[in-house]
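The first residue in the sequence is number 1, and the count goes up from there. Every number for a ligand or one of its atoms is a count from 1 in the order of the listing.
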Amino acid sequence: MKQPLIVANWKMNGSELLLRDLVRAFEHQGPDLAAQVVLTLPAPFFSLARALLESGEISWGGQNIHWQDEGAFTGEISAPMIAAMGGTHCIVGHSERRQGWAETDQVVASKAQACLRADITPIVCVGERLEERQQDKTMEVVKRQLEAVITNLAPALLEKIVVAYEPVWAIGTGQEATPEMAQEVHSSLKKLLGTQCLQSPPVLYGGSVKADNVAALLAMDDVDGVLVGGASLVTEEFVRLCAYAGEQAKNNSNG
Ligand code: PEP
């Protein structure tokens, strides 16, 4: 059975209390969670994550890094810093960074490379804005964003990334893409990835994912997991979402 990957993106939210609460809730849930869970956290919570998630059943990581490994970049953190603390993943190219910090495709590609140099997994976000979808430019946009990252990656490195398709109009709006819309884009992204490596990296869907819609998304052939913002900040909702994701994975492998 292929375990779905569930990535929580807390953005600039949460607290140590929430992290403790979430970890405790997963412990109560028991060991048969058939999903792989990664919490991407604000940097001030990294130490606590290292202490609480030491067993490695749940992984953790960052939401952004600088593309350099070290230097005079006040306020930034680097991929080697996350790796040194035991973090395993980092989001790069989230639409909030592309829009709010003017991150270009090239910057996102450099950040993905920084993650790979530090041996952590970049979760590379791509996604179209509403007007781009309305102008029928979805595929053009997401392929351009992904190509910028994968063009110069050797197949062995490409297989180490995770891709997240996040339509910008679906993030934090409660208006998720339908499973069929997600499948259509994922299938194109996987074809593109497949031109450069044998084993396509996982492609996650993100945008208003909740416990109630996760199973339908994961029932799609090319949806390998989900990236979850708002619903990862409510312990009961997130634990339920992960449990439903695990159940769907079992259904997929039985069917
Ligand atoms: C996100 O921030 O990546 C995200 C998908 O947010 P939400 O689930 O709240 O739409």
Side-chain angles (χ1 to χ4, degrees), residues 4-15 18-19 22 35-43 45 59-65 87 89-101 103 105 107-108 111-112 115 121-130 132-133 138 141-142 145-146 149 161-179 181-183 185-186 189 201-218 220 222-245 248:
L5 174 58
I6 314 295
V7 179
N9 175 16
W10 278 15
K11 313 192 186 192
M12 198 175 70
N13 295 302
S15 63
L18 179 63
L19 185 55
L22 196 56
Q36 189 194 341
V37 180
V38 179
L39 308 178
T40 67
L41 303 167
F45 308 146
S59 310
W60 65 272
Q63 302 167 6
N64 177 46
I65 38 130
H89 291 69
C90 187
I91 295 176
V92 297
H94 192 282
S95 61
E96 287 156 13
R97 305 262 350 149
R98 290 181 190 263
Q99 287 183 350
W101 282 262
E103 288 191 3
D105 293 341
V107 165
V108 176
K111 290 185 175 195
C115 288
T121 303
I123 302 166
V124 179
C125 298
V126 299
E128 81 286 5
R129 288 177 285 125
L130 183 59
E132 291 165 335
R133 175 161 282 270
T138 299
V141 170
V142 296
Q145 292 172 331
L146 185 59
V149 173
I161 75 171
V162 167
V163 176
Y165 167 54
E166 296 210 301
V168 179
W169 48 270
I171 297 178
T173 59
Q175 192 196 341
E176 78 272 14
T178 63
M181 281 159 123
Q183 169 59 28
V185 177
H186 283 222
L189 293 175
V203 181
L204 316 182
Y205 167 78
S208 298
V209 178
K210 303 178 272 306
D212 290 348
N213 60 14
V214 70
L217 287 158
L218 290 174
M220 297 290 118
D222 293 315
V223 179
D224 302 312
V226 286
L227 179 46
V228 186
S232 71
L233 293 165
V234 183
T235 298
E236 198 201 322
E237 171 82 7
F238 188 61
V239 172
R240 207 152 54 90
L241 185 157
C242 293
Y244 288 172
Q248 183 59 44

Task: Taking atom 10 (O) of ligand 1 as the reference point, the nearest protein heavy atom with its distance - done: Gly172 N, 2.6 Å

Task: Distance from atom 8 (O) of ligand 1 to nearest protein heavy atom, with residue and atom - done: Gly229 N, 2.8 Å

- [ ] Work out whether the distance between some heavy atom of Ala170 and some atom of ligand 1 is less than 4.0 Å.
- [x] yes

Open item on the list: Does ligand 1 come near enough to Glu96 that some N or O of the ligand is less than 3.5 Å from an N or O of the residue?
Closed with: no

TODO: Please round to the nearest 0.5 Å and tell me the distance separating atom NZ of Lys210 and atom CD of Glu176.
DONE: 4.5 Å

TODO: Say whether Lys210 and ligand 1 are in contact under the criterion: heavy-atom distance to a ligand atom below 4.0 Å.
DONE: no

Open item on the list: As an exercise, identify every atom of ligand 1 less than 4.0 angstrom from a heavy atom of Ile171.
Closed with: 1 (C), 2 (O), 4 (C), 6 (O), 10 (O)

Task: Glu128-Trp169 side chain donor-acceptor pair, cut-off 3.5 Å - done: yes

- [ ] Please work out which of the three classes, parallel, tilted or perpendicular, describes the rings of Trp10 and Phe45, given edges at 30° and 60°.
- [x] perpendicular

- [ ] Give the residue and atom name of whichever protein heavy atom lies nearest to atom 5 (C) of ligand 1, and the separation in Å to one decimal.
- [x] Glu166 OE2, 3.0 Å

Task: Straight-line distance of Asn13 CG to Leu18 CG, nearest 0.5 Å - done: 9.5 Å

Task: Closest protein heavy atom (residue, atom, distance) for atom 9 (O) of ligand 1 - done: Gly230 N, 2.8 Å

Task: Taking atom 1 (C) of ligand 1 as the reference point, the nearest protein heavy atom with its distance - done: His94 NE2, 3.3 Å

Task: Reference residue Glu103; test side chain to side chain donor-acceptor pair (under 3.5 Å); the match among Lys111, His94, Arg98 - done: Lys111

Open item on the list: Taking 4.0 angstrom as the limit and counting only heavy atoms of Gly207, give me the atoms of ligand 1 inside it, by number and element.
Closed with: 5 (C), 10 (O)

Task: Atoms of ligand 1, numbered as shown, that sit under 4.0 Å from any heavy atom of Asn9 - done: 1 (C), 2 (O), 3 (O)

TODO: Hey, could you give me the CG/CG distance between Asp224 and Leu204, rounded to the nearest 0.5 Å?
DONE: 7.0 Å

Open item on the list: I'd like to know if the side chain of Gln183 pairs up with that of Asp222 as donor and acceptor (distance under 3.5 Å, no hydrogens or angles considered).
Closed with: yes

Task: Gly127 backbone acceptor or donor facing Gln145 side chain under 3.5 Å - done: yes

